[in-house]
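Along the sequence shown, the residues carry numbers beginning at 1. These values consider heavy atoms only, across backbone and side chains, with no hydrogens, waters or symmetry-generated copies. Note that the structure is a prediction, hence the values are computed from the model and not measured.
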Amino acid sequence: MTVPPERLPGLPNLARGHATGTPDVARFLGERPTAGRIAARAAAVLSRFRPRAGADPALAAVADGRRAAVLTGQQVGLLTGPLLTAVKALAAVKLAADVEAAGAPLAPVFWCASEDHDLVEVTRLPLPGPDGPREEGPDPEPLARNRRPVGALPIEVDVAGILARARADAGALADEECLEALRAAHAGATYREAFVVSLSWLLDEPALLFADAARAAEKPVLAPLAARLVRERAEVRRLLDACAAELAAAGHPPQVVSEPGALPLFALVDGERLLLRERDGALELKGRPGERHEPEEVAARFESGEWLASFSALSRPLAASTLYPVAATVLGPAELAYWAQMLPLFDWAGLVPPVLVPRPMAAPVSGAERRALGRLGLSLGDLFAGVDTLLSARGAAREGGLLDEIAALRAGTLARLEELAPRLAAVEAGLGRNAEATRENVRFAFEKLVERTRAAAGRADEAEARQLKRLTAALAPGGRPAERVYPPLPWLLRHGRSGLVGPLKEQLRWDVAGLQEIEL
């Protein structure tokens, strides 16, 4: 069972079109990925890649050009972040295995976005509640001021307390082994350490390699790219602006809207990650308004290693393809949209772009949830309409006769008022206008009465309404697929690692568009 992309909320048209092979999207994102195209791209990137030394030993076969990479990545969130993170990693593993079986040497690589400084997003931890997601993460306000890369920061969130509360909610169903594994992974660890240990434990895929965006030993390799972005910033801006204009003309608004004068580049200075901006011909670091630097001085600081380069969404793909021969990259919907903005920069940088693979989407559904949907006569895709809409539709079906009577009364009342309007206007002209205003008020009042009657009728069966709310909270919270909202924890508590990951490994397909229902 798959919910097709056109029924899924929140997908940019670019992502939807690339997943389904819409021809007018191919000029921005390339053709739909196939194993054959990826194998051919692997040969192309390996032939152009310059092998390098000094890489993480675990990634030596990729960094020295013996294997191409199937890359994916995500921020290093608590408890691995949303389930989609694990789905992306598993898709990279499956894709690499499928293409390697055809003879192309590939390795799945997970890019840990450990340099991002958005500590608020990294610590968001929604868990299912009776009425929808409830946020278990810390107060975001003090975290919003963080400017340090999150990967190296110690975890100061009370993860053990979060796990204890989740365990209490799960009751007798709680899987203690999973709780202990996650607790141990986060105890005394940094965000990146906990993320890698947790995701490695969860998926148990020895082939999956991890790349650290913040690895200091690789910054010298990226310094020339950073210096070029500074020195050739006018050309880079021209290319990005031209592509954004072409996308907008085709009806695709930009996914990334940069600040005025911003370069697609950050500098790591005194441990902080600071955006570079141009103003009046000089460059400044966001957050340090009193400092101004000549562009050549900034380029030289990158080249000398005084400042370390950190890349934005619009330049990060170039950094990854500088470090590794990337043949394919598995991307979420928003990522596909911003890749469309920056793809012309590959030509500018002299790099071969990877094949862009829409990440598969997964909806783990238990047997009890499938049976409940069946009793309600609903499919998984129906839940994205939201509880209120579904209850209203069910109410309309249940009380159709009453709603017909209200509709007839409404029609008769409006018709009678319309008949009276000329007679009222004959008494006094202003009364005709009053009659029209009265008709509009009556029409609105009847519409609200119908709407409320439908909703009340839908709620009339309280047990059914509660069940519908529980299903929506579990499978389509806020009208979104649960994989985008919840971490793996809710499924792990009830099904254990093998009960969640086993079906994912068995049923998930990297080449299927839409939301794939995974039977637990």
Of all heavy-atom pairs between Pro477 and Pro133, which one has the smallest distance, and what is that distance? CB-CG, 3.5 Å

Can you name the nearest heavy-atom pair linking Arg497 to Asp204, along with the distance? NH1-CB, 4.4 Å

Any side-chain heavy atom of Thr329 within less than 4.5 Å of one from Thr72? no

Quick one: CG on Leu173 to CZ on Arg167, what's the gap to the nearest 0.5 Å? 9.5 Å

Which value, rounded to the nearest 0.5 Å, describes the distance between Gln75 atom CD and Arg192 atom CZ? 15.0 Å

Quick one: side chains of residues 148-164, donor-acceptor pairs under 3.5 Å with protein atoms, not counting sequence neighbours, listed by atom name and distance.
unit_1 : atom_1 : unit_2 : atom_2 : d
Arg148 : NH1    : Gly271 : O      : 3.4
Asp158 : OD1    : Gly161 : N      : 2.9

With sequence neighbours excluded, give me every side-chain hydrogen bond (donor to acceptor under 3.5 Å, both in side chains) pair touching residues 350-360. Arg359-Glu483

State whether the side chain of Asp175 and the backbone N or O of Leu492 hold a donor-acceptor pair below 3.5 Å, judged by distance alone. no

Between Arg292 (side chain only) and Arg279 (backbone N and O only), is there a donor and an acceptor less than 3.5 Å apart? yes

Measuring only between side-chain heavy atoms, which start at C-beta, is Val326 closer than 4.5 Å to Leu351? no

Pairwise side-chain contact, Lys286 with Leu274, heavy-atom cut-off 4.5 Å (strictly under): no

With side chain to side chain contact (heavy atoms under 4.5 Å, CB included) as the criterion, how do Glu296 and Arg231 come out once you've worked through the C-alpha distance, each side chain's angles and the decisive distance to 0.1 Å? CA-CA 7 Å; Glu296 188 56 39; Arg231 291 185 174 117; 2.6 Å; yes

So side-chain hydrogen bond (donor to acceptor under 3.5 Å, both in side chains) across residues 78-96, not counting sequence neighbours, yields Gln74-Lys88, Lys88-Glu335

Report the C-alpha distance between Glu180 and Arg183 in whole Å, list the side-chain angles of each, state the deciding distance to 0.1 Å, and finish with yes or no for salt bridge (charged side-chain N to carboxylate O under 4.0 Å, His left out). CA-CA 5 Å; Glu180 182 52 38; Arg183 190 182 298 112; 2.5 Å; yes

If you look at every heavy atom in Gln255 and Gln341, which pair is closest and at what distance? N-OE1, 2.8 Å

Enclosure of Glu141 CD (heavy-atom neighbours >12, cutoff 6.0 Å): no

Distance-only check: which donor-acceptor pairs under 3.5 Å involve side-chain atoms of residues 312-319, not counting sequence neighbours?
unit_1 : atom_1 : unit_2 : atom_2 : d
Ser312 : OG     : Pro264 : O      : 3.4
Ser312 : OG     : Leu314 : N      : 3.2
Ser315 : OG     : Pro264 : O      : 2.5
Ser315 : OG     : Ser312 : N      : 3.2

Candidate pair Leu263 and Leu283, rule side chain to side chain contact (heavy atoms under 4.5 Å, CB included), full reasoning: CA-CA 9 Å; Leu263 278 65; Leu283 297 181; 4.0 Å; yes

Arg41 side chain vs Ala328 backbone, donor-acceptor pair below 3.5 Å: no

Drop me the distance from Leu209's CG to Ser200's OG, to the nearest 0.5 angstrom. 10.0 Å

Below 4.5 Å, heavy atoms only, C-beta onward: do Leu336 and Pro358 meet side chain to side chain? yes

For the atom pair CG (Leu90) and NZ (Lys505), what is the distance rounded to the nearest 0.5 Å? 7.0 Å

Determine whether a donor-acceptor pair (N or O, by modelled atom type, separation under 3.5 Å) exists between the side chain of Arg233 and the backbone of Val230. yes

Indicate the atoms forming the closest heavy-atom contact of Arg237 with Ala262, along with that distance. NH2-O, 4.2 Å

Return each pair, listed once, that meets ring-ring contact (aromatic ring centres under 6.0 Å, His included) where at least one residue sits in residues 301-330; pairs must be two or more places apart or across chains. His293-Trp307

Using the side-chain hydrogen bond (donor to acceptor under 3.5 Å, both in side chains) rule, collect all pairs that involve residues 102-114, keeping only residues at least two apart or in two chains. Ser114-Asp212

Please evaluate residues Glu272 and Leu285 with respect to the criterion side chain to side chain contact (heavy atoms under 4.5 Å, CB included), reporting the C-alpha separation (whole Å), side-chain torsions for both, the decisive distance (0.1 Å), and the verdict. CA-CA 10 Å; Glu272 293 188 317; Leu285 298 169; over 6 Å; no

So, do Ile38 and Leu106 sit near enough that their side-chain heavy atoms are less than 4.5 Å apart? yes

How would you list, by chain and number, every residue that makes a salt bridge (charged side-chain N to carboxylate O under 4.0 Å, His left out) with Arg52, sequence neighbours excluded? Glu218

Do NZ/NE/NH1/NH2 and the carboxylate oxygens of Arg301 and Glu297 come within less than 4.0 Å? yes

Is there a side-chain contact between Leu475 and Leu380 in this structure, where contact means two heavy atoms from C-beta onward sitting under 4.5 Å apart? yes

Side-chain heavy-atom pair Leu143, Pro138 within 4.5 angstrom cut-off: yes

If I compare all heavy atoms of Tyr486 with all of Gly132, which pair ends up nearest, and what's the gap? OH-C, 4.1 Å

Where is the tightest heavy-atom contact between Ser198 and Ala194, given as atom of each residue plus distance? OG-O, 2.7 Å

Side-chain donor/acceptor of Gln507 to backbone N/O of Glu519, under 3.5 Å: yes

With a 4.5 Å limit on heavy-atom distance, are the side chains of Met361 and Pro5 in contact? no

Once side-chain hydrogen bond (donor to acceptor under 3.5 Å, both in side chains) is applied, what residue pairs with a partner in residues 469-482 remain, sequence neighbours excluded? Asp131-Lys469

Distance (rounded to the nearest 0.5 Å) between Glu193 CD and His186 NE2: 11.0 Å

Would Val330 and Leu71 count as a side chain to side chain contact (heavy atoms under 4.5 Å, CB included) here? Give the steps. CA-CA 6 Å; Val330 179; Leu71 194 78; over 6 Å; no

List, one per line, each side-chain donor-acceptor pair under 3.5 Å for residues 53-64, sequence neighbours excluded.
unit_1 : atom_1 : unit_2 : atom_2 : d
Asp56  : OD1    : Ala58  : N      : 3.0
Asp64  : OD1    : Arg66  : N      : 3.2
Asp64  : OD1    : Arg66  : NE     : 3.1
Asp64  : OD2    : Arg66  : NE     : 2.9
Asp64  : OD2    : Arg66  : NH2    : 3.0

Quick one: ring-ring contact (aromatic ring centres under 6.0 Å, His included) partners of Trp510, sequence neighbours excluded? none

Set of ring-ring contact (aromatic ring centres under 6.0 Å, His included) partners for His495, sequence neighbours left out: none

Measure up the Phe210 and Phe110 rings against each other and bin them: parallel (under 30°), tilted (30 to 60°), perpendicular (over 60°). tilted

Could I get the full list of ring-ring contact (aromatic ring centres under 6.0 Å, His included) partners for Trp491, not counting sequence neighbours? none

Could you walk me through whether Arg494 and Glu369 pass the salt bridge (charged side-chain N to carboxylate O under 4.0 Å, His left out) check? CA-CA 13 Å; Arg494 288 164 173 76; Glu369 289 163 340; over 6 Å; no

To the nearest 0.5 Å, what is the distance between CD1 (Ile518) and OG (Ser366)? 13.5 Å

